[in-house]
Amino acid sequence: MDLKSKINLEKLPRHIAVIMDGNGRWAKEQGMARVFGHRNGVKAVRETTEACTELGVEYLTLYAFSTENWKRPESEVNALMTLLVETIKNEINTLNENGVRLRAIGDISRLPEKSRNTLLQAMENTSGNTRMTLVLALNYSAKWEIVEAARKLALATKSGEIEATAIDEDAFANALSTSGIPDPELLIRTSGENRISNFLLWQIAYAELYFTPTLWPDFRREHLYQAIIDFQNRERRFGKTSEQLL
Ligand code: FPP
């Protein structure tokens, strides 16, 4: 039996988030520069997006560039920004053909103008698509996002727009950059690192975590299917006992 047919389509996670890791190590293994790993990572992005769309996953969030990634050598940062522009331009027709809407989370005001404009145009161009939403986390970190949300709510309270007593979990979630997007139910991290690295800290409160040693450029649809099957075999209790779930 192939892996895909083992997936219960009635119990799919609505939202899958991925920390794409291991591009640099993959390139090193081949004796190549780190950028070669990022370029090959795009194949994994394409295959994961296609597989999620075909299955019926509603949201896929990819951690493409963190606020900490600016600390990398300038040449690598520039290469990543160029790759982003190229990939979006190359994939825009495929996204539209497949009904995929592009969104971004993170402080995109700090991206180079060309990258930001390409991204904004692509988001506008795909805004009518409803089959799946592909969320790119760009210049994103969870701590930045939480502080921004707190600031937004503080200002809204100060101006009298909302009462301090009205700040509850829903109000806080709505002030985050993921407002309107359901929380991820499955978080995948590749490359054998067992960390969250400042990604979606609020939103993954109840997510199932799946760590795989596969390096991101090697990640293919079968790896995704395996992660979903693993997710479907877990008991999600949300604080209840096993007996209460029966
Ligand atoms: C982590 O590997 C990967 C990144 C920081 C960038 C991910 C970018 C891509 C896959 C390419 C473009 C993506 C899109 C959405 C167009 P690493 O460099 O940290 O690897 P290492 O831990 O082995 O050094």
Side-chain angles (χ1 to χ4, degrees), residues 16-53 57 59-95 98 100-108 110-112 114-123 125-126 132-142 144 187-200 211-221 223-224:
I16 298 178
V18 185
I19 302 176
M20 309 181 286
D21 196 11
N23 294 353
R25 276 163 283 166
W26 186 89
K28 199 172 177 189
E29 277 177 8
Q30 328 258 330
M32 302 293 279
R34 296 178 54 81
V35 177
F36 185 68
H38 297 316
R39 291 204 164 271
N40 280 276
V42 174
K43 288 183 198 159
V45 169
R46 190 178 303 122
E47 193 147 327
T48 305
T49 308
E50 270 172 21
C52 283
T53 312
V57 172
Y59 297 87
L60 170 66
T61 298
L62 302 176
Y63 204 1
F65 196 88
S66 77
T67 51
E68 286 88 17
N69 286 152
W70 296 109
K71 294 179 202 148
R72 292 190 175 202
E74 198 184 338
S75 58
E76 184 174 343
V77 171
N78 290 341
L80 276 168
M81 291 300 154
T82 308
L83 194 56
L84 179 74
V85 173
E86 271 177 24
T87 308
I88 292 176
K89 284 188 173 159
N90 290 341
E91 302 297 331
I92 188 88
N93 288 340
T94 316
L95 293 178
N98 290 289
V100 180
R101 176 180 182 182
L102 191 66
R103 266 186 74 164
I105 53 170
D107 184 5
I108 60 169
R110 275 204 58 207
L111 296 183
K114 197 171 168 196
S115 312
R116 190 175 62 246
N117 288 342
T118 306
L119 180 69
L120 290 172
Q121 268 170 24
M123 291 199 293
N125 200 299
T126 59
M132 189 181 80
T133 301
L134 172 63
V135 184
L136 296 183
L138 287 164
N139 193 22
Y140 173 88
S141 84
W144 164 82
L187 171 70
I188 300 171
R189 181 171 190 151
T190 59
S191 91
E193 304 290 354
N194 299 340
R195 284 189 298 278
I196 302 301
S197 299
N198 215 347
F199 190 43
L200 301 175
F211 298 103
T212 168
T214 305
L215 301 176
W216 179 249
D218 288 330
F219 196 84
R220 291 293 173 268
R221 57 185 65 226
H223 297 101
L224 178 79

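Quick caveat: nothing in here was measured; it's all calculated off a predicted structure. Numbering of ligands and ligand atoms starts at 1, following listing order.
Distance check, rounded to the nearest 0.5 Å: OG1 of Thr214 to CZ of Arg220 gives 10.5 Å. Once rounded to the nearest 0.5 Å, the distance linking CZ of Phe211 with CG of Asp21 reads 11.0 Å. To the nearest 0.5 angstrom, Asn139 atom CG is 9.5 Å from Glu68 atom CD.
Residues that satisfy the side chain to side chain contact (heavy atoms under 4.5 Å, CB included) test with Asn69, not counting sequence neighbours, are Phe65, Ser66, Arg72. Listed by chain and number, the residues in a side chain to side chain contact (heavy atoms under 4.5 Å, CB included) with Ala142 are Tyr140, Asn198, Leu201 (sequence neighbours excluded).
Annotation: salt bridge (charged side-chain N to carboxylate O under 4.0 Å, His left out) contacts involving residues 27-44, sequence neighbours excluded, comprise Arg34-Glu76, Arg39-Glu86.
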Could you pull out the N/O contacts under 3.5 angstrom between ligand 1 and the surrounding protein atoms?
residue	atom	partner	partner atom	Å
ligand 1	2 (O)	Gly22	N	3.4
ligand 1	2 (O)	Asn23	N	3.3
ligand 1	18 (O)	Arg34	NH2	2.8
ligand 1	18 (O)	Arg72	NH1	2.8
ligand 1	19 (O)	Asp21	OD1	3.2
ligand 1	19 (O)	Arg72	NH2	2.8
ligand 1	20 (O)	Gly22	N	3.3
ligand 1	20 (O)	Asn23	N	3.1
ligand 1	20 (O)	Gly24	N	3.0
ligand 1	22 (O)	Asp21	OD1	3.0
ligand 1	22 (O)	Arg25	NH2	2.9
ligand 1	23 (O)	Gly24	N	3.3
ligand 1	23 (O)	Arg25	N	2.7
ligand 1	23 (O)	Arg25	NE	2.8
ligand 1	24 (O)	Arg34	NH1	3.0
ligand 1	24 (O)	Arg34	NH2	3.1

